[in-house]
Amino acid sequence: MAAGTSNYWEDLRKQARQLENELDLKLVSFSKLCTSYSHSSARDGRRDRYSSDTTPLLNGSSQDRMFETMAIEIEQLLARLTGVNDKMAEYTSSAGVPSLNAALMHTLQRHRDILQDYTHEFHKTKANFVAIRERENLMGSVRKDIESYKSGSGVNNRRTELFLKEHDHLRNSDRLIEETISIAMATKENMTSQRGMLKSIQSKMNTLANRFPAVNSLIQRINLRKRRDSLILGGVIGVCTILLLLYAFH
């Protein structure tokens, strides 16, 4: 019985490793398909800039079919590997030896991690592929619209562009004239205010000049009074000194 269960576990492990190897190869091819899709889109984009060729971008039908086919195959392999992992989980839960359960759980966890990594890588590559395809489809439609617009009304569009440019030049000229007038008006107002300030300063200077003679005469009077007081004080001091000397030598 133990040998039978051991063989069952080994068969599950072989199936898991085989599916993991197939998934690894499929994911590598799937990633290369996405990369080649991106590079071919870049080459076609450069070719469309220098030619008026309207062939479909990236030879989309064949690569899209290949993408869908590989995505279905990888999803089927992931589903099969998930089923094998579930069977391995059922086996580990039914095994009776604790030490054996620990080793089996470690192996099962490793296979689950591999399945999770492959699933994450698949969804990431698929999302990148879809994003690139949608972007290229959008760019292709925009290029077609531009080409149709140019081919349908090339001369009229050229004249319209010239008229628009001339209109922009006129608007810029009007704006510059308005700015120049505004600067001139501001300069005039500043000069007017400066002239008023100069007039007020001149009037104050005239007032001070008219007051200077009266101030000079007042200062002269003050100086004369100080000189007279000094003479009187000197005379009084001299008389007092003479009287003291006469009183001392008498």
Side-chain angles (χ1 to χ4, degrees), residues 26-75 117-206:
K26 290 288 185 182
L27 288 173
V28 170
S29 300
F30 196 63
S31 178
K32 288 181 179 180
L33 176 63
C34 181
T35 304
S36 64
Y37 193 97
S38 176
H39 290 170
S40 62
S41 66
R43 289 194 298 270
D44 290 342
R46 289 193 296 268
R47 184 171 62 248
D48 289 340
R49 294 191 189 98
Y50 299 103
S51 66
S52 59
D53 188 14
T54 58
T55 57
L57 289 174
L58 310 179
N59 194 9
S61 59
S62 61
Q63 291 199 0
D64 288 342
R65 286 195 299 270
M66 187 181 300
F67 167 77
E68 297 295 340
T69 302
M70 293 185 67
I72 293 173
E73 292 176 355
I74 292 174
E75 288 175 352
D117 293 339
Y118 284 162
T119 304
H120 177 71
E121 182 179 355
F122 168 67
H123 289 300
K124 181 180 178 181
T125 306
K126 183 178 179 181
N128 291 335
F129 188 94
V130 172
I132 293 172
R133 183 174 60 184
E134 291 178 352
R135 183 187 63 190
E136 293 303 322
N137 289 336
L138 178 60
M139 292 178 63
S141 62
V142 171
R143 291 192 192 101
K144 289 180 180 178
D145 293 338
I146 293 173
E147 292 296 332
S148 61
Y149 177 78
K150 289 181 178 180
S151 61
S153 54
V155 178
N156 293 330
N157 290 335
R158 180 61 179 171
R159 292 179 179 176
T160 303
E161 290 178 359
L162 292 175
F163 287 144
L164 290 175
K165 287 182 180 179
E166 189 66 24
H167 180 67
D168 292 336
H169 289 323
L170 292 174
R171 289 183 61 184
N172 292 330
S173 299
D174 292 338
R175 182 174 56 81
L176 291 174
I177 291 172
E178 291 178 356
E179 291 179 355
T180 303
I181 292 173
S182 300
I183 294 172
M185 294 296 293
T187 304
K188 180 181 178 182
E189 292 177 357
N190 290 328
M191 292 181 68
T192 303
S193 62
Q194 290 178 4
R195 184 176 63 182
M197 291 176 62
L198 290 174
K199 284 185 177 181
S200 63
I201 293 172
Q202 185 178 3
S203 62
K204 290 180 181 180
M205 293 294 293
N206 292 331

Next on the checklist: Working to the nearest 0.5 angstrom, can you tell me the gap between T125 OG1 and H120 NE2?
Outcome noted: 9.0 Å
Checklist entry - Looking at residues at least two apart in the chain, or sitting in another chain, which of them share a side chain to side chain contact (heavy atoms under 4.5 Å, CB included) with T180? => result none
Checklist entry - Okay, side chain of S200, backbone of M197: is any donor-acceptor separation there less than 3.5 Å? => result yes
Next on the checklist: Rounded to the nearest 0.5 Å, what separates atom OG1 in T35 from atom CG in N128?
Outcome noted: 9.0 Å
Checklist entry - Of all residues at least two apart in sequence or in a different chain, which pass the side chain to side chain contact (heavy atoms under 4.5 Å, CB included) check with R175? => result N172, E179
Next on the checklist: Check the orientation of F122 and F30. Use parallel for under 30°, tilted for 30 to 60°, and perpendicular for over 60°.
Outcome noted: tilted
Checklist entry - Can you name the residues that form a side chain to side chain contact (heavy atoms under 4.5 Å, CB included) with S29, not counting sequence neighbours? => result M70
Checklist entry - If you measure from CE on M185 to OG1 on T187, what distance do you get to the nearest 0.5 Å? => result 10.0 Å
Next on the checklist: Minimum heavy-atom separation for F129 and L33, please, with both atom names.
Outcome noted: CE1-CG, 4.0 Å
Checklist entry - Distance from K165 atom NZ to D168 atom CG, nearest 0.5 Å? => result 9.5 Å
Checklist entry - Stepwise, does the side-chain contact (heavy atoms from CB on, under 4.5 Å) test hold for R135 with I132? => result CA-CA 5 Å; R135 183 187 63 190; I132 293 172; 4.0 Å; yes
Next on the checklist: Rounded to the nearest 0.5 Å, what separates atom CD in E121 from atom CD1 in I74?
Outcome noted: 8.5 Å
Next on the checklist: Just verifying a value: how many Å separate S182 OG and I177 CD1, rounded to the nearest 0.5 Å?
Outcome noted: 11.5 Å
